[in-house]
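In what follows, a structure is listed as structure tokens, so that the remarks can point back to it.
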Amino acid sequence: MKKVRGHGYVRASLLAVALFGAALSSACGKDKPAAPAETPIAPVPVSQIPGHEQIGEDTALKESPRLVPQEAYMRTYLQLFGGLAPADVQKRIKLGSATLFDTWNDYLSALGLPDYRLDLPRAAQTSSLMLATFERLGVALCDKAVERDLRAGAGAAANRPVFAFDLPSVEPDLAAFTTRFDSLHRTFLGYPAALAGTSRTARFYTLYTNAVAAHAAPGAAKSAFTASEAGWASVCYGLVRHPEFHLY
Amino acid sequence: MRAFLPRCLAALAVTGALLGAADTASAARGLADYRYFRALTIDLAGRMPTRAEVAAFEADGFDLDGYIDQQLAGPAYAERVRRIYMDLLRLDVGPTFQIVPPQTTLRREQIQGPNGKPLGIYYRKGQRRARIETDGDFCMTQDETGLQFPPNTAPTGAPKSVSQEALDAATVVVKPWWLYRDYGSAAPTDRYDAATWATRLPGFTPVVGLTMELDGTTPTVEIRICKEEAQQAPSGTIFAPKRPAPVKGAPPPYGRLAQLPQDSAYATAHAGEAIACTMGSSLGMAADCGCGVGLERCMPGDGPGFDPRAFSFPTASPLGDAAPLDDSPQAQSAWLRYFWGQEAIHFLDNVFAQDRDFRDVLTARDTWVNGPLTQFYKSVAPAACCGDGLTLGYTKEQPLLEPSTLPALLPHDVMRWEHVADRGPQASGIFTMPVFLTKYGTRRARAHVAYSTFLCRDFISGNVQLRPSTEPNLMIREGCSTCHATLEPLAAYFTRITESGWTFLPASTFPASSTTCKADASGNLPGRCKTYYDPAFADATHAMLRGAYGSTDHAEAGPRGIADAFTAAPEFAPCVAENIASALLARPLTTDDAALRTALTQTLTDGGYKLRALVRALVKSDAYKATNDVVAHASRDGGAP
């Protein structure tokens, strides 16, 4: 097993505290009578200290996931848009929806791209503004993907950049949802949903059904999407904004 | 802990499987495998994996080693490594550095033509003219136009229609390079057409102000320009007409806003001698030097401003110049600045894509240029030379890039990049590229960024008290010496390239220690010497070239000297390994990574400083595979959805 990063620092801090305590004790103790000699305490393993029997020492190297390089994020975004050029993606999104997307240049610094001209470094960590930008870009991507992939004339399912499946004729049960969700999960996160380790599929199914129900409810706000489309758009939003999409 | 250990064991088992059996894995993939594959694709292919790539990865017999090697041979890998060094060097020059040489900048004044309609006339500020009324200024007078022409702004006054006779006497009609592909022919016909040139000559887009007449609707097929500027000869003669000196307090004559230009001492002494029209000094010394054939030695602007707009091009292109994000009208100086940065990008991409010796980044004499850069090196770069250097005998520039080595590209060839195999004897990797020399304008800035980027060292001031001092030698001045004892000798390597410029100062004209420029009895240097020689390091016998005091040997060695010194330094190879590893691991290396650093350094040096082997070793290391491990588990498994 590897060392815990920062272990040396903790040890040095403890040493400093001990030295400070010794110095304090030495400085303050001059007027006191000499204490009787104490029996030195022998060091013992931490597991022998009462109450610590079951506490293991995690000595594994701790590393945070990395932020996907901004250029890789943008290339993936373009890929999910069907391989369009950046300027064409901008035009495509703004077509019919002036507020869904501003311009690429408006997002560059928020995404954390460096600006060498102004000596602005690359952002290596996320920020609130960056997350908001991911959300805005992600929503635009999913909305356009629903229009492109889930409607008539979308072409062969396997070739669709995002939704590589057709909408079922009836609302899907969990099994039908799972197949389709797995395809989306692989598209955005690069691995089967079954390996997510938690009940991710079930939770996304709940998200889907809630979105469909809300959309179909009487008095629901008017939408350009059908209830099913809105459900799949919500699932897409969840994946394109997932931390695993932006980190690696 | 209970949940953590099985995961660790599973991960270890998976890692073992990946490392064993030559990485030809079975179909039983675990989460760590998928994450590793995704990381490899992001780092080496420049994007996340597609569904098809994930499916291929899942198939029996997938050759992960082969996949890594395939990606390492692609352009995305080269871009990934280039970004590491671009992030360190930040080789793009900002708008605070405006390259607007008067000799190559054409501005446009608006007057009233003979037909009463607005008419644009191009000219160069400071152009010498035989006609005294307009010498050094716009080529038409207040009497003729009703206007005065203040610098960098619109004319003032009540415009009146100029006579055709006056217009023809002062100006000529030209079909310029920014409107005609075949501007070099006797009768150009291949005029700019936005629709067809977008595919024929992508990236070349003059602003509307250059392609349309002032009415905004009529396409411009030819332009009017002052006749001196339209001259085509490669050389002219030094012009010293001995204009009358201005009387103190008297207004400028002939309705001018500026006094008549005066002849320099050099021009007076060398009147009638030849001068190259590419040299910056020719503007103020020759009335028979112009912008050349099709005005190719000058950059156009769509107005009278200091840095007028000229072309539309991307303000940013993080995905490369073939995938621009926008197309915005920008100042003419931004055009050149943009391509300086692109030169470094193309050079670095080539070094990494071809898996050349990494030391080439510092030492190589080759580069890549496109049409605008070819025009820059041929016509604009020489205009920075030579200023006061003329008076010291620097009459023929020794450029950092020999124009004779340039390919036959035209300014419209924006997307066509060609290799220049040998820039010339002074060239040394990125150190002699305009983007580096202007981004880091001072000798010390150049040395500092090279020191930190290629030796991974920095300057940290000592804990000493700064006291007032008259000691000019920073290598020994108290409080300064802790850094400058190292920095000054390094800065001296850049002594022979002017600060904030690219003019090379040859030893034959600018000896490191000059007896010609020695100080007088009062300690002053001759006026012509002050630009180049340092009064703080001068006495009655000699003066030191600015920057050379740190080490005259280094000054003579030049940028190639610092490249050789750095690449031979023991810190160089470990620094390359550290830069690459810390970028791909997204964290600084620490003492815990000593073994990794040593192994990567060994791989680099054993492999002839080719980065592909280093990156291959890194992405197959445990450190890389574990980079997104533990915290990611906790976050992913505890979070929702």
Side-chain angles (χ1 to χ4, degrees), chain A residues 2-3 5 8 54-56 58 60-76 78-79 85-87 90 103-105 108 113-119 121-122 124 158 164 183 186-192 195-198 200 203-204 207 238 242-245 247-248, chain B residues 1 4 8 29-31 33-35 37-39 41-43 45-51 54-55 76 79-80 83 86-87 89-95 315-316 318-319 323-327 337 341 439 585-587 590-592 623 626-633 635-637 639-641:
Chain A
K2 295 170 187 169
K3 265 193 335 183
R5 191 173 298 284
Q54 299 300 318
I55 298 176
D58 181 0
L61 192 67
K62 302 297 187 296
E63 300 295 350
S64 297
R66 299 159 289 186
L67 183 64
V68 169
Q70 288 78 6
E71 292 84 353
Y73 171 84
M74 290 178 68
R75 284 217 170 82
T76 304
L78 300 177
Q79 176 180 285
Q90 185 173 306
T103 68
W104 280 113
N105 281 343
L108 297 183
L113 275 158
D115 189 336
Y116 302 138
R117 291 168 302 180
L118 304 177
D119 288 327
R122 179 183 299 278
S183 168
R186 287 165 177 269
T187 300
F188 285 106
L189 306 186
Y191 67 95
L195 289 180
T198 60
R200 183 175 290 174
R203 284 187 278 121
F204 267 84
L207 170 69
H242 199 287
E244 286 185 3
F245 184 66
L247 305 174
Y248 77 116
Chain B
M1 183 66 186
F4 175 69
C8 279
R29 303 289 188 187
L31 184 56
D33 299 327
Y34 284 98
R35 286 187 177 145
F37 179 69
R38 185 171 185 263
T41 309
I42 288 170
D43 278 328
R47 52 169 176 72
M48 298 173 201
T50 62
R51 281 192 308 272
V54 172
E79 184 201 311
R80 181 73 181 93
R83 282 208 310 266
M86 287 296 279
D87 282 357
L89 292 163
R90 306 183 302 281
L91 291 178
D92 201 357
V93 181
T315 51
L319 303 184
L325 303 186
D326 68 338
D327 193 32
R337 285 198 310 266
K439 175 81 181 186
L585 300 179
R587 62 174 174 81
T590 69
T591 50
D592 288 348
T627 292
N628 62 0
D629 194 12
V630 180
V631 174
H633 273 300
S635 168
R636 289 172 178 126
D637 295 350

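Side-chain atoms are counted along with the backbone in the values below, which use heavy atoms only and exclude waters and symmetry mates. All chains are named by letter (A, B, ...) in the order of the sequence lines, taking the proteins before the strands, and each is independently numbered beginning at 1.
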Any chance you could lay out the side-chain contact (heavy atoms from CB on, under 4.5 Å) test for A:Y116 and B:D87, step after step, and finish with the verdict? CA-CA 8 Å; A:Y116 302 138; B:D87 282 357; 2.5 Å; yes
side-chain contact (heavy atoms from CB on, under 4.5 Å) evaluation trace for A:Y248 with B:D43: CA-CA 10 Å; A:Y248 77 116; B:D43 278 328; 2.7 Å; yes
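The parts of A:E71 that come within reach of chain B are both its backbone and its side chain, each placing non-hydrogen atoms under 4.5 angstrom from that chain. When heavy atoms are compared at a cutoff of 4.5 Å, A:L207 does not approach chain B at all. Both the backbone and the side chain of A:S183 have a heavy atom closer than 4.5 Å to some heavy atom of chain B. Using a 4.5 Å cut-off between heavy atoms, A:F245 touches chain B through backbone and side chain atoms alike. Contact annotation for B:L585: only backbone heavy atoms (N, CA, C, O) come within less than 4.5 Å of a heavy atom of chain A. Within the 4.5 angstrom heavy-atom criterion, no atom of A:A85 approaches chain B.
Here the closest non-hydrogen pair linking B:A316 and A:L108 is CB-CD1, 3.7 Å. Nearest heavy-atom pair, A:R66 versus B:A586, reported as atom, atom and distance to 0.1 Å: CG-CB, 3.2 Å. Minimum heavy-atom separation, A:Q79 to B:R47: OE1-CD, 2.8 Å. A pairwise comparison of heavy atoms in B:M48 and A:T76 identifies N-OG1, 2.9 Å as the closest pair.
The side-chain heavy atoms of A:P69 and B:R83, taken from C-beta on, include a pair separated by under 4.5 Å.
A salt bridge links A:R75 with B:E79: at least one charged nitrogen is closer than 4.0 Å to a carboxylate oxygen.
With sequence neighbours excluded, the residues that form a side chain to side chain contact (heavy atoms under 4.5 Å, CB included) with B:D326 are A:N105, B:P314, B:T315, B:S328. Applying the side chain to side chain contact (heavy atoms under 4.5 Å, CB included) rule to A:P121 yields no partners; only residues at least two apart in sequence or on another chain are considered.
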